[in-house]
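In this text the structure is predicted, and so the values were computed from the model without any measurement. So that the names make sense, note that chain A is the first sequence line, chain B the second, and so on, each numbered from 1.
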Amino acid sequence: MAAVDLINVSKSYGSVEVLRDINLSLQKGEFVVFVGPSGCGKSTLLRMIAGLEDVTSGELRIANEPMNDVLPAKRGISMVFQSYALYPHMSVFENMAFGLEQAKLSKAEIIERVHEAAEMLQLTPLLKRKPKQLSGGQRQRVAIGRAITRDPRVFLFDEPLSNLDAALRVDTRLEIKALHERLPETTMIYVTHDQVEAMTLADRIVVLSDGRVEQIGTPMELYNKPASKFVAGFIGSPKMNFLTGALAESHGAQTYGIRPEHITISDSKGDWQGRVILREELGSDTFVHVAVEGIGKVNVRVAGSYEIGASETVFLSPQPGNAHYFDASGQPIA
Amino acid sequence: MKLDILKRLGFYALVTIIVLQALFPFYYAILTSLEDGQALFEINYLPEALNFINYQSMLSGGVFGKQILNSVFVASVVVIISLTLAVTAAYALSRIRFRGRGLLLLTILSVSMFPQIAVLAGLFEVIRWLGLFNSLWALVFSYMIFTLPFTVWVLTTFMRNLPIEIEEAAIMDGASSLTIIRRVFLPLMWPAMVTTGLLAFIHAWNEFLFALTFLSTDGQRTVPVAIAMISGRSEFEIPWGNIMAASVIVTLPLVALVLIFQRKIVSGLTAGAVKG
């Protein structure tokens, strides 16, 4: 059964169209990530599902019921905001209970639900604190807890990790993943501009660009079979190498794409010859930027460390079968 | 080293001058209010006797008590109505997009720029037409002309600085607009409300011109006018003792209010300057 359906949904502010004809169908219990560069409309799409923005045209359905004109609180959804948006004057308990009070639940039930959520998120010792007495990660957990208590059908996350530091971001990412496994009935929609978050969390990823859906698919589908040059460049880190010129034309394409991890490097023989421009060492990997004669700049990913000085000569061989070809409009050529 | 001492001396000298300039008039009023008869006209800077006869005669003699109550009533009602209207107006002006919002805000501000005397005559007609002449509601009505623009502006600016996501979270939680104002905004806005409320109170408490024009009988007057109209036994005698005693009495409530809300005022005045 579909949990959320978007049928020809568009959004415009005055004459500016920010989303055009979005068609999506999300399954119950699915973890879907909306990803795209800033300004692509992903947050607007999420806010339309939440009911914080009107749907200009098209239809939004949640659990097969039309939702275009239903109040946000009546849609069976919860949202976690980027800035957490906790009520600063209320304790953690009151923050988590506020929505339940508005829904006119009994005192006993409110207490039970809040404690249940607090237990799940290890917030029980913090229930009496005010948000300003909490660390960033704890605030984030309270925001998630507030969303859980409402027992939603659909869980919305609007870039929930972008205010956390790098180490905490990885931990919280894992917690969200674990939360999804504990709530298998709940559909989760997650907005981010970070493709690593998208790849690690999603069952399916929706790549948006300039108000349109570029591609919908599992992380591996997007990685292996990008439906456009944009998706190919956006998914995967570091970015895919795009090469134009004679090499691409020999395959009848405008652009030849090869991921840095799909190139073998050697100091004695290979298909392409070039000189090292720059080397970035990450410990687990080394990125070698090479200027290849007649082809252009190519970034190569080597596992482990790779000792080589600048302007030394190296040989590169693209792995057969992993190259992508795109025509002038960015469409893939099979 | 020597320069340091000089700097410090200069600093404290300046502080002393400022404090003296601010407090001496009030101190001298207290001093005068404690003197009677001929002692009034002798210059002294320290209290020589604690003589409460002026206070006694002000508080027991007739309508002054009633006049204080008039002032309390007018100032309190002005504050309550102003804040209620201003909070709801600020919500609309800061959070709801509508055509002409900027123009409306500017209009509100420009209203408070009119000199009182410019609107006095017209306002007098309005108040007579409303049948409010010599009623305390005439003052409530006319004071709002000055307190509302100010409170609306301050609260609008303050509300704009509250993160919009908090409001959206409350909407997601199912709170109505009134619940959002009452349960989410009001608790966050207390400092701003206290500060603007207090300034509105002080304005209403001290206002003279409208109070003089719109009220005609002693029993209806508010204290600033009442004090100005205190007269002696003959037209050649100005009862300085009584006037000073009355002035001290009407200043005390303001001092008390400021002391009570001191902390809130400080945080209200600096609110929005730094992210908390």
Side-chain angles (χ1 to χ4, degrees), chain A residues 13-14 43 46-47 49-54 70-91 94-105 110 130-133 139 142-152 154-160 163, chain B residues 83 87 90-92 94-102 155 157-197 261 263-268 270-276:
Chain A
Y13 295 106
S43 280
L46 189 80
R47 290 166 58 82
I49 297 172
L52 294 170
E53 300 277 353
D54 291 332
V70 177
L71 285 174
K74 307 266 186 229
R75 295 186 179 198
I77 50 176
S78 286
M79 184 153 167
V80 176
F81 291 87
Q82 182 174 359
S83 66
Y84 322 135
L86 301 177
Y87 310 122
H89 56 291
M90 295 187 196
S91 68
E94 288 164 332
N95 262 286
M96 289 165 73
F98 186 73
L100 304 177
E101 283 170 30
Q102 300 307 314
K104 306 263 188 303
L105 262 62
I110 291 176
K130 291 270 169 67
K132 67 176 171 209
Q133 297 166 300
R139 284 181 206 180
V142 175
I144 293 174
R146 183 171 67 179
I148 289 179
T149 53
R150 302 189 57 232
D151 198 13
V154 184
F155 223 117
L156 308 177
F157 294 93
D158 187 6
E159 308 214 13
N163 280 355
Chain B
L83 285 184
V87 165
Y91 179 73
S94 63
R95 284 300 153 85
I96 299 168
R97 276 190 227 126
F98 56 89
R99 200 178 283 265
R101 179 168 71 166
L155 294 184
T157 327
F158 192 84
M159 216 180 257
R160 270 194 191 154
N161 288 330
L162 294 178
I164 193 148
E165 286 196 334
I166 289 183
E167 186 191 341
E168 287 176 344
I171 292 174
M172 298 295 296
D173 272 342
S176 65
S177 292
L178 269 183
T179 312
I180 294 174
I181 290 181
R182 202 169 49 83
R183 294 279 310 273
V184 179
F185 279 159
L186 278 190
L188 296 176
M189 293 182 56
W190 265 127
M193 304 256 300
V194 166
T195 312
T196 48
F261 292 116
R263 284 221 181 128
K264 295 276 184 191
I265 293 171
V266 172
S267 59
T270 58
V274 180
K275 257 195 173 167

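The parts of A:Ala50 that come within reach of chain B are both its backbone and its side chain, each placing non-hydrogen atoms under 4.5 angstrom from that chain. For chain B, the nearby part of A:Leu52 is the side chain; its heavy atoms alone come within less than 4.5 Å. For A:Arg47, the part lying near chain B is the side chain, with the backbone staying farther off; criterion is any non-hydrogen pair under 4.5 Å.
For the 3.5 Å distance criterion, the side chains of A:Asn163 and A:Ser83 fail to qualify, holding no donor opposite an acceptor.
Atom OG of A:Ser91 is separated from atom NZ of A:Lys130 by 7.0 Å, given to the nearest 0.5 angstrom. Considering CZ of B:Arg95 and OG of B:Ser177, their distance stands at 11.5 Å, rounded to 0.5 Å. The OG atom of A:Ser43 sits 4.0 Å away from the CG atom of A:Asp158 when rounded to the nearest 0.5 Å. Taking CG of B:Leu162 as the start and CZ of B:Arg160 as the end, the distance is 12.0 Å to the nearest 0.5 Å. Distance OG/B:Ser94 to CZ/B:Phe185: 6.5 Å, rounded to 0.5 Å.
Nearest heavy-atom pair across A:Ile77 and A:Pro72 is CG1-O, 3.8 Å.
For residues 95-102 of chain A, heavy-atom neighbours of chain B at less than 4.5 Å comprise A:Phe98, A:Gly99, A:Glu101, A:Gln102, sorted by residue number. Residues of residues 168-175 of chain B that come closer than 4.5 Å to chain A, counting heavy atoms only, are B:Glu168, B:Ala169, B:Ala170, B:Ile171, B:Met172, B:Asp173, B:Gly174, B:Ala175, ordered by residue number.
Between B:Met189 and the choices B:Thr196, B:Leu83, B:Leu155, the side chain to side chain contact (heavy atoms under 4.5 Å, CB included) rule is met once, by B:Leu155.
Without hydrogens or angle criteria, A:Arg75 side chain to A:Val70 main chain gives a donor-acceptor distance under 3.5 Å. The main-chain N or O of A:Tyr84 is found under 3.5 Å from a side-chain atom of A:Arg146 such that the two form a donor-acceptor pair.
Using a 4.5 Å heavy-atom cutoff, the side chains of B:Ile166 and A:Tyr87 are in contact.
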